[in-house]
Amino acid sequence: QVHLVESGGGLVQAGGSLRLVCTASGSGFRIAAMGWYRQAPGKQRELVAIKGSGGNAQYPDSMKDRFTISTDNAKNTVFLQMNNLKPEDTAVYYCYARSTFDSWGQGTQVIVSS
């Protein structure tokens with residue numbers, strides 16, 4: 001079992017930036033991929049970015065020009081740099097890790113005002 005803790009959410013104006021951080025903790029686990037999902041009120045949870053242990057990253061087309069995922073594998077940490085934020089990006093952002101079982105963080109709130 002992997003425990004994930006996110007941080008870095010907050011309130012920003014449209015056009016601003018945020019950097020989310022998630023660290024995995026535990027013993028005896030191996031992570032195949034880490035990433036970020038988000039869920040806005042009334043909508044399904046959607047993929048934001050994901051990066052495999054081999055280094056490949058993927059994003060939805062609507063986000064790849066503004067969001068960047070990076071990892072520090074030695075520290076079991078994943079980052080999400082979000083630039084040019086829009087009100088539509090307002091959501092709870094969840095860290096995700098794929099291991100023997102899928103693990104989720106508790107979520108961090110991102111609010112983008114217009």
Side-chain angles (χ1 to χ4, degrees):
Q1 188 173 0
V2 179
H3 180 61
L4 304 175
V5 178
E6 308 104 323
S7 63
L11 173 64
V12 297
Q13 296 186 38
S17 299
L18 285 174
R19 178 179 167 90
L20 306 184
V21 182
C22 174
T23 299
S25 62
S27 298
F29 64 87
R30 300 178 67 182
I31 295 177
M34 295 189 73
W36 297 90
Y37 289 73
R38 70 184 185 187
Q39 187 166 21
K43 295 186 176 181
Q44 292 185 329
R45 188 171 298 187
E46 64 176 341
L47 174 70
V48 175
I50 192 164
K51 188 174 183 181
S53 61
N56 293 330
Q58 59 185 39
Y59 316 79
D61 288 342
S62 62
M63 303 175 196
K64 65 181 180 181
D65 59 336
R66 299 185 297 120
F67 295 179
T68 302
I69 187 172
S70 61
T71 57
D72 184 339
N73 292 331
K75 298 181 179 179
N76 292 319
T77 299
V78 61
F79 307 87
L80 183 68
Q81 180 67 44
M82 302 187 292
N83 297 324
N84 192 24
L85 285 163
K86 304 175 181 180
E88 302 87 79
D89 296 318
T90 296
V92 177
Y93 285 70
Y94 296 91
C95 182
Y96 165 81
R98 182 184 301 150
S99 184
T100 304
F101 302 98
D102 291 346
S103 299
W104 296 90
Q106 78 285 352
T108 184
Q109 177 73 61
V110 172
I111 300 175
V112 184
S113 64
S114 59

Q106 side chain vs V5 backbone, donor-acceptor pair below 3.5 Å: no

Please list, one pair per line, the donor and acceptor atoms closer than 3.5 Å that link side chains of residues 42-59 to other protein atoms, with sequence neighbours excluded.
{"from": "E46", "atom 1": "OE2", "to": "R38", "atom 2": "NE", "distance (Å)": "2.7"}
{"from": "E46", "atom 1": "OE2", "to": "R38", "atom 2": "NH2", "distance (Å)": "3.2"}
{"from": "Y59", "atom 1": "OH", "to": "I69", "atom 2": "N", "distance (Å)": "3.0"}

Exercise: identify the closest heavy-atom pair between A24 and I31: CB-CD1, 3.7 Å

For Y93 against L20, the heavy-atom pair lying closest together: CB-CD1, 3.7 Å

N/O donor-acceptor pair under 3.5 Å between Q81 side chain and T68 backbone: no

Distance-minimising heavy-atom pair for S114 and P87: CB-CG, 3.9 Å

Any donor-acceptor N/O pair, R98 side chain to A33 backbone, under 3.5 Å: no

Distance-minimising heavy-atom pair for Y94 and G105: CD2-O, 3.6 Å

T71 side-chain N/O to V78 backbone N/O, donor-acceptor pair under 3.5 Å: no

Joint cluster assignment, L18 & F67, ILVMFWY side-chain distance < 4.5 Å: yes

Nearest atoms (heavy-atom pairs only) where G107 meets V92: CA-CG1, 3.8 Å

Distance-minimising heavy-atom pair for E6 and C95: OE2-N, 2.7 Å

same_hphob_cluster(L80, V12) at 4.5 Å side-chain heavy-atom cutoff: yes

4.5 Å side-chain heavy-atom contact, Q109 and T90: yes

